[in-house]
Amino acid sequence: MTSANPYSEAIALHVTDAHHDLVIQRPSAGLALQGRIRVPGDKSISHRALMLGALAQGETVIHGLLLGEDPRSTASCFRAMGAEISELNTEEVRVKGIGLGNLVEPVDVLDAGNSGTTLRLMLGILASHPDRFFTVTGDGSLRSRPMSRVVKPLQQMGAQIWGRKQNSLAPLAIQGQVLKPIHYHSPIASAQVKSCVLLAGLMTQGKTTVTEPALSRDHSERMLRAFGADLTVDPETNSVTVTGQSQLTGQTVVVPGDISSAAFWLVAGAIVPGSDLTIENVGVNPTRTGVLEILERMGADITLENQREVAGEPVADLRVRHSALKACEISGDVIPRLIDEIPILAVAAAFAEGTTIVKDAEELRVKESDRITVMATQLNQMGASVRELPDGMEITGGTPLKGAEVDSYTDHRIAMSLAIAALNAAGTTTIHRAEAAAISYPDFTPTLQRVTGLG
Ligand code: S3P
């Protein structure tokens, strides 16, 4: 029987033990990405909807929740502390909140899996639940990521937290306390730190303020307000203040598509000749759109269509067509607005004319993997020219990439970035441990097969 698609094996997943190899064989005639797709729900908003839903009074209904591994970790932690959360699905998840301060002491260790957002935000909530004891952990990657950035401000509020390396590494033990409000000047622009302190502040008597050096994503602020918290923002000083002890009330949350997941398709469409792809229903909150600004500066042809506001978050359809890219500098205040997109922007830079410099991004070294070292070594393996900097990388584009054996280092964004690079690399690329994509994008491979026609 002749197959209608001569490249039917061109994108295949091979399951080996617990791990998956994603094998991508670029047809010699090249390929183009076409059509209209949707990306899964925003990861940051999904976590927050589950957490605030659990802390609120009454029912929260979540439409469009991300079904990735990370929000599953959040749901299971809050279930273990008494919140009733219906079976997770994208259509509708119902959370029966138990009211601020009413979490039940869990009888076992809370496992945040691979998710920094789950662990760091949850720490603010746990530390401020007096008379209850909690232990929290995560997978090998999360157990090596710095928690002192949240433990320190929580200790200033009076929290009691213990762990390895001067209480900075999970597993952590927390004896909940009555905390006091503080004004925290965060040394880093981190939405996880900001959100952790604000969530702890919810339970205090008085005003808790977080000031950050540059604006990080503001989903917590938007959602806390929608749930009825008394919260004010001072954009002049990048400060947010929450007044404690206001009750939260369950809401309907509509989760937009994740711009961090859309970014893979934006870069794929930009670098693969002949592409014309529309990604529908993507969240375009200005604290997240650094990737659009940088791709535009690099000469990408991206248009925002059908711009609208859905449940307090701006949303648009993004259309991308192939175009020649040029290098640019990525540094300064834009970094927190595109921090998760730097691996895929490094792929764009590898196909851009000139040398792209990424600076001020040392945070990349403490993400799910050291994203500077891993992207540099893996792209170089494919023939790219990437030089590591202490706080970023220098990528000289233009050398044609070739297929190679590469590894995700169990980091979801690395797995997907390398898959997009493989679409424009001659021959066959094998990405080891590609199952990591399921952390934020469980349907990544079938979507890749569909938009390339290489199913
Ligand atoms: C997130 C904040 C970011 C981001 C992470 C999700 C959040 O981390 O990298 O993937 O949901 O608050 P930091 O703001 O801590 O850098």
Side-chain angles (χ1 to χ4, degrees), residues 40-52 65-66 68-71 73-74 112-125 138 141-142 145-154 184 186-200 210-224 238 240 253 255-256 258-264 283 285 287-291 313 333-345 360-372 375 391-392 411-417 436-437 439-441:
D42 187 278
K43 183 157 77 65
S44 293
I45 297 176
S46 295
H47 285 301
R48 287 157 172 81
L50 290 165
M51 289 188 192
L52 294 196
L65 187 88
L66 165 64
E69 301 294 333
D70 273 8
S73 296
T74 295
N114 189 245
S115 175
T117 308
T118 306
L119 187 47
R120 295 199 178 110
L121 270 58
M122 194 164 67
L123 276 173
I125 297 169
S141 153
L142 191 55
R145 295 177 64 187
M147 293 301 139
S148 40
R149 57 184 56 201
V150 288
V151 169
K152 279 190 182 141
L154 290 173
Y184 187 59
S186 177
I188 45 174
S190 159
Q192 294 180 354
V193 171
K194 172 173 65 179
S195 306
C196 166
V197 176
L198 293 174
L199 287 168
V210 182
T211 300
E212 45 181 359
L215 185 61
S216 65
R217 65 192 66 191
D218 68 355
H219 304 299
S220 294
E221 293 92 304
R222 287 173 188 252
M223 207 184 286
L224 277 167
N238 289 327
V240 192
V253 180
V255 183
D258 198 327
I259 191 167
S260 299
S261 298
F264 300 109
N285 177 318
T287 61
R288 298 284 298 282
T289 47
V291 64
E313 289 277 352
D333 284 1
V334 79
I335 294 290
R337 298 175 50 239
L338 49 65
I339 188 73
D340 292 339
E341 288 69 73
I342 294 176
I344 190 62
L345 283 171
D360 308 320
E362 53 279 293
E363 273 296 300
L364 291 176
R365 296 211 180 266
V366 291
K367 292 293 178 188
E368 286 84 330
S369 68
D370 176 341
R371 288 181 174 162
I372 295 177
M375 277 315 287
D391 62 344
D411 183 329
H412 54 132
R413 301 206 194 279
I414 302 285
M416 294 185 274
S417 298
I439 291 292
S440 60
Y441 203 152

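Note that ligands are numbered from 1 as they come in the structure, with each ligand's atoms numbered from 1 the same way. The residues of the chain are indexed from 1 along the displayed sequence.
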Quick one: does [X]'s side chain get under 4.5 Å of [Y]'s, heavy atoms only?
X: K194; Y: S216; answer: yes
X: D70; Y: T117; answer: no
X: D42; Y: L66; answer: no
X: L121; Y: R48; answer: yes

> List by chain and number: which residues place a heavy atom under 4.0 Å from ligand 1?
Replying inline: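 K43, S44, R48, T117, S190, A191, Q192, R217, I339, D340, K367.
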
>> S190 vs R149, test: side-chain hydrogen bond (donor to acceptor under 3.5 Å, both in side chains). Steps then yes/no.
In response: CA-CA 9 Å; S190 159; R149 57 184 56 201; 4.6 Å; no

>> Return the OG to NE2 distance between S46 and H219, rounded to the nearest 0.5 Å.
In response: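 Rounded to the nearest 0.5 Å, the OG-NE2 separation comes to 10.0 Å.
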
